[in-house]
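This report refers to the structure that appears directly beneath it.
Residue numbers start at 1 and run along the sequence shown.
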Amino acid sequence: MKFNNSKMPIPSFKALPLMLLGTLVVSPMLQAESKSEPQPNIKPESSRVQFQGKFEQGALIRARTEPGTEVQLNGKSITLTPDGRFAFGFEREAALEQTLTLSYPDGSSESRNLKLDKRDYRIQYVEGISKKIMKPDPKAQERAAKDSAQVKAARSHFSTQQAFADDFIWPLTGRISGVYGSQRVYNGKPGTPHYGVDVAAKTGTVVVAPADGVISLSVPDMFYSGGTMIIDHGYGVSSSFLHLSKLYVKEGDKVKQGQAVAEVGATGRATGPHLDWRVNWYQMRLDPTTLVPPMSQVLQQAKSDAKK
């Protein structure tokens, strides 16, 4: 088996089946921390709408405008809270130019041309993989498809919770062992990109809710992702936790930010214990690190606090 790591344009993989829950797991080759930071890189043209977040591929953006405003992203309507808050995202390979249209209650309107920063993702080339590994067992595929349908249904749910607009925290702190957007190409065929951020930790380490929400999925034994939990933060925004060894809460339970909800594990298709944290806007898979401070900053702050 030969490995060849390099950065180059990502090959097309639209023709390949993609699993909703990724198969890329902890690897020492993916220990680079994402450089994404939740800082805006454009200035509002008017005071009628404000943005929180960096305009780049993979980012979740939170925004606020006048109550009663109608908002569309590339012609598709976005639902706002009664006080004018809303969220939207840009997928991993999103077009670098997007159009946000706002129609205000007074009859006026404006169109924003949003220019995104392009991101470079770590691509790893793996040769010599056997056909047996490349083609999973039919029964495993059937089970994985059922799991995928459950996850899709949970992420499709709309709720009027407004925790999505609050500041998020890391559900677990530690060494970053896998980053959003990274991908392996097996025998020349692109695999599913990694759509989460992995934090390495011992089995049994407590995982907390990154923001308030309601548990929309809690399953202990999915095929690929093992112990899996989804927290609905409202208005299409959700957090997913994969490979858990123990789940403390069940579907329908309300949770608060910082509340213990699960334990780290290596369940499902994982090579070692870690937390795989994912963030979605409905079905769009986004980079969790666009919602929180850099891990290095959080760890440094914790070290400083410990000395006081």
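Seen from the ring of Tyr195, Arg285 counts as a face-on cation partner, given the 6.0 Å and 45° thresholds.
Minimum heavy-atom separation, Pro210 to Ser239: CG-OG, 3.5 Å. The two residues Met229 and Ala262 come nearest to each other via the heavy atoms CE-CB, 4.1 Å. Considering every non-hydrogen atom in both Phe51 and Ala63, the closest pair reads CD2-CB, 3.8 Å. Here the closest heavy-atom approach between residue Ile61 and residue Gly53 is recorded as CD1-C, 3.8 Å. Closest approach of Ala270 and His243 over heavy atoms only: CB-ND1, 3.8 Å. Listed here is the closest heavy atom pair of Gly213 and His233: CA-ND1, 4.4 Å.
Within 6.0 Å of CD on Glu70 lie no more than 12 heavy atoms contributed by other residues, nucleotides or ligands.
In this structure, CG on Asp276 lies 14.5 Å from OH on Tyr224, to the nearest 0.5 angstrom. Distance OG/Ser148 to CZ/Arg143: 13.5 Å, rounded to 0.5 Å. Rounded to the nearest 0.5 angstrom, Thr65 OG1 and Phe86 CZ are separated by 6.0 Å. Rounding to the nearest 0.5 angstrom, the gap separating the NE2 atom in His194 from the CZ atom in Arg92 is 11.5 Å. With rounding to the nearest 0.5 Å, the separation of CE in Met284 from CD in Glu91 is 5.0 Å. Put simply, OG1 on Thr203 and CD on Glu263 are 9.5 Å apart, with the number rounded to the nearest 0.5 Å.
Using a 4.5 Å heavy-atom cutoff, the side chains of Tyr248 and Val255 are not in contact. In this structure, Gln50 and Gln52 have side chains that are not in contact, with every pair of non-hydrogen atoms separated by 4.5 Å or more. Put simply, the side chain of Lys115 does not reach to within 4.5 Å of the side chain of Leu96, judged on heavy atoms. The shortest distance between side-chain heavy atoms of Leu102 and Ser109 does not fall below 4.5 Å. Contact of the Pro190 side chain with the Gln183 side chain is registered, since non-hydrogen atoms from C-beta on lie closer than 4.5 Å. A heavy-atom distance below 4.5 Å is found between the side chains of Arg62 and Leu291. Within the 4.5 Å cutoff, the side chain of Asp287 has no heavy atoms near those of the Glu56 side chain. Side-chain contact between Trp170 and Leu299 is absent, with no heavy-atom pair separated by less than 4.5 Å.
For residues 285-308, there are no ring pair (Phe, Tyr, Trp, His ring centres under 6.0 Å) pairs, not counting sequence neighbours. Residue pairs meeting the salt bridge (charged side-chain N to carboxylate O under 4.0 Å, His left out) criterion with at least one member in residues 224-242, sequence neighbours excluded, do not occur. The list of ring pair (Phe, Tyr, Trp, His ring centres under 6.0 Å) pairs with a residue in residues 140-160, not counting sequence neighbours, reads Phe158-Tyr235.
Between Phe55 and Phe90, the ring-plane angle classifies as tilted under the 30° and 60° cut-offs.
Partners of Lys118 under the salt bridge (charged side-chain N to carboxylate O under 4.0 Å, His left out) rule, at least two apart in sequence or in another chain, do not exist in this structure. Residues satisfying the side-chain contact (heavy atoms from CB on, under 4.5 Å) criterion with Ala153, sequence neighbours excluded, are absent altogether. When the salt bridge (charged side-chain N to carboxylate O under 4.0 Å, His left out) test is applied to Lys256, the partners found at least two apart in sequence or on another chain are Asp212. With sequence neighbours excluded, no residue forms a side-chain hydrogen bond (donor to acceptor under 3.5 Å, both in side chains) with Gln257. With sequence neighbours left out, Glu66 forms a salt bridge (charged side-chain N to carboxylate O under 4.0 Å, His left out) with Arg48. For Tyr282, the side-chain hydrogen bond (donor to acceptor under 3.5 Å, both in side chains) test picks out no residue, with sequence neighbours left out. A search for side-chain hydrogen bond (donor to acceptor under 3.5 Å, both in side chains) contacts involving Gln301 returns Asp305, not counting sequence neighbours. Partners of Arg85 under the side-chain hydrogen bond (donor to acceptor under 3.5 Å, both in side chains) rule, at least two apart in sequence or in another chain, are Asp83, Gln162.
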Inset, instruction - Determine, stepwise, if the pair Tyr180 / Thr290 fulfils side-chain contact (heavy atoms from CB on, under 4.5 Å). - result: CA-CA 10 Å; Tyr180 174 89; Thr290 64; over 6 Å; no

Inset, instruction - Please report the C-alpha distance between Val261 and Phe241 in whole Å, then the side-chain angles of each, then the deciding distance to 0.1 Å, and finally whether the side-chain contact (heavy atoms from CB on, under 4.5 Å) criterion is met. - result: CA-CA 10 Å; Val261 295; Phe241 298 148; 3.9 Å; yes

Legend entry - side-chain contact (heavy atoms from CB on, under 4.5 Å) assessment of Lys202 paired with Val264: CA-CA 7 Å; Lys202 294 181 180 179; Val264 170; over 6 Å; no

Inset, instruction - Could you check Leu275 against Asp198 for side-chain contact (heavy atoms from CB on, under 4.5 Å), going step by step and ending with a plain yes or no? - result: CA-CA 5 Å; Leu275 173 68; Asp198 294 339; over 6 Å; no

Under 3.5 Å, side-chain donor or acceptor atoms of residues 215-222 against the rest of the protein: list the pairs with distances, not counting sequence neighbours.
unit_1 : atom_1 : unit_2 : atom_2 : d
Ser216 : OG     : Ile230 : O      : 3.4
Ser218 : OG     : Val249 : O      : 2.8

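Between the Tyr121 side chain and the Pro193 main chain, no donor and acceptor come within less than 3.5 Å of each other. Between the side chain of Trp277 and the backbone N or O of Thr289 there is no donor-acceptor pair closer than 3.5 Å. Side-chain atoms of Gln57 come within 3.5 Å of backbone N or O of Arg119 as a donor-acceptor pair.
No path of Ile, Leu, Val, Met, Phe, Trp and Tyr side chains, each step under 4.5 Å between heavy atoms, connects Val214 with Leu244, placing them in separate hydrophobic clusters.
Side-chain atoms of Ser156 and Gln283 form a donor-acceptor pair, as typed in the model, at a separation below 3.5 Å.
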